[in-house]
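Protein chains get the first letters and strands the later ones, always in sequence-line order, with residue 1 at the start of each.
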Number of protein chains: 2
Amino acid sequence: MQTDTICLGLLSTGPKSGYEIKQIFEGPLSEIYSLSYGTIYPTLNKLMDGKFVTCKQHAQDKKPDKKVYTISKKGLTLLKDNLIIDATNYLRSGNFGDQVKSEFLLLILFSKNLSHEVIDTILSQRISFAKQKLELIKYEGPITPELDSIRSEKASKFIRGLATELIEAGLKYLEKNKGKLGK
Amino acid sequence: MQTDTICLGLLSTGPKSGYEIKQIFEGPLSEIYSLSYGTIYPTLNKLMDGKFVTCKQHAQDKKPDKKVYTISKKGLTLLKDNLIIDATNYLRSGNFGDQVKSEFLLLILFSKNLSHEVIDTILSQRISFAKQKLELIKYEGPITPELDSIRSEKASKFIRGLATELIEAGLKYLEKNKGKLGK
DNA sequence: GCATATATATATCAAAATGATACATATAGC
DNA sequence: GCTATATGTATCATTTTGATATATATATGC
């Protein structure tokens, strides 16, 4: 999916700055996708050039201006068109485009070359990491309005539910099978 | 994790060609990681330059020569050194480096902009896709020797078990909740 | 009180990776 | 006989990353 489409999709749930888009990928969407500043800022500028978004500069005393982007009518049209194309390509290719790169699992795969102590540490660190993730994802308390506009979407709840199930399944497996790897 | 380390790790389970490395990322390791030819071939050449691997060219009549790479002693040392560094960085950073980019979940996230029919199709296509994946991952029948050298590793079985649990959990969730998204 | 770390905020860029394409042939299906 | 897929290596423009720079405010610890 093009970065343009992803940014427009996020802006379709409410106006946001580049920094806030990045925050979303570090928080609520970290199980789904990621984008770096080097991709986000140029994309927002490109969307500005094409009038797919508008920008309001909020002066903040002593902090750099906050540039809040709002999707335009033209942008919303582009978003819908692009999503339909993406969905159609999906269905045709039979490839759902999920890209997973897990350094944890690579370390496990190559664990023959590591000592048992290191492997044990990696596994237990991973388990506590997964528990933290679960706490974070289940958190329902107060949050910034920008992040909340994502969190309250029906689709977002669907995805959080799925992510929760996946993390729990992984956690359960690791706790049950961690002994089978080392010795 | 550096591409060098990943290729060395795969070669540590037996000699392989660039094409076979790619095949592994399309098949048994598709749940873990991916690499393109544009990354694999230059990396193998770089490893050759540094004498971390050796290469035997098998002439095949009418097909291009098959270049089979074997890890050297120097390469095995580098692999172990790099893995320890990676494991240590992991533990220090608290970041397990998993990178997930799911176009499927993005489509779901932005599904407000799609028709119910398209959403339903995406969901049911995804469900049958997951079922295919499960069949593939559970397959224990005959396979090329190169792929088998990966499959028979203890770590590999651990990872396949984990992948199976994750896919099953996701499948169960989708089947149970698919109705909650559309209407 | 002072130093250090973290959060807010945008921007840039070298290095790395992708995705597409090119080339050449064999086999399998229709 | 045609077309699609599989085997196999290689290249390259475009995209993305990951690190860094810049600037300030606030919170934490000693």
A:Y37 side-chain N/O to C:dA11 phosphate OP1/OP2 under 4.0 Å: no
Centroid-centroid under 6.0 Å between B:F25 and B:Y37 rings: no
Sugar-phosphate, base or nothing in reach of B:G18, heavy atoms under 4.0 Å: sugar-phosphate
D:dT7 phosphate, OP1 or OP2, under 4.0 Å from B:K22 side-chain N/O: no
Atom pair distance, as rounded to whole Å: NZ in A:K46 and P in D:dT15: 7 Å
Salt bridge (charged side-chain N to carboxylate O under 4.0 Å, His left out) between B:E31 and B:R160, intermediate numbers included: CA-CA 9 Å; B:E31 309 302 320; B:R160 286 175 78 195; over 6 Å; no
Spacing between B:Q99 atom CD and C:dA17 atom P, to the nearest angstrom: 11 Å
Sugar-phosphate only, base, or nothing, as touched by B:Q23 at under 4.0 Å among non-hydrogen atoms: sugar-phosphate
Length of the NZ-C1' vector between B:K67 and D:dG8, whole Å: 10 Å
For atom OH of A:Y19 and atom P of C:dT10, their distance in whole Å: 9 Å
d(CD, B:E26; P, D:dT7) in whole Å: 11 Å
Polar contact flag, side-chain donor to acceptor under 3.5 angstrom, B:K16-B:T70: no
Distance below 4.0 Å between A:K101 side-chain N/O and C:dA17 OP1 or OP2: no
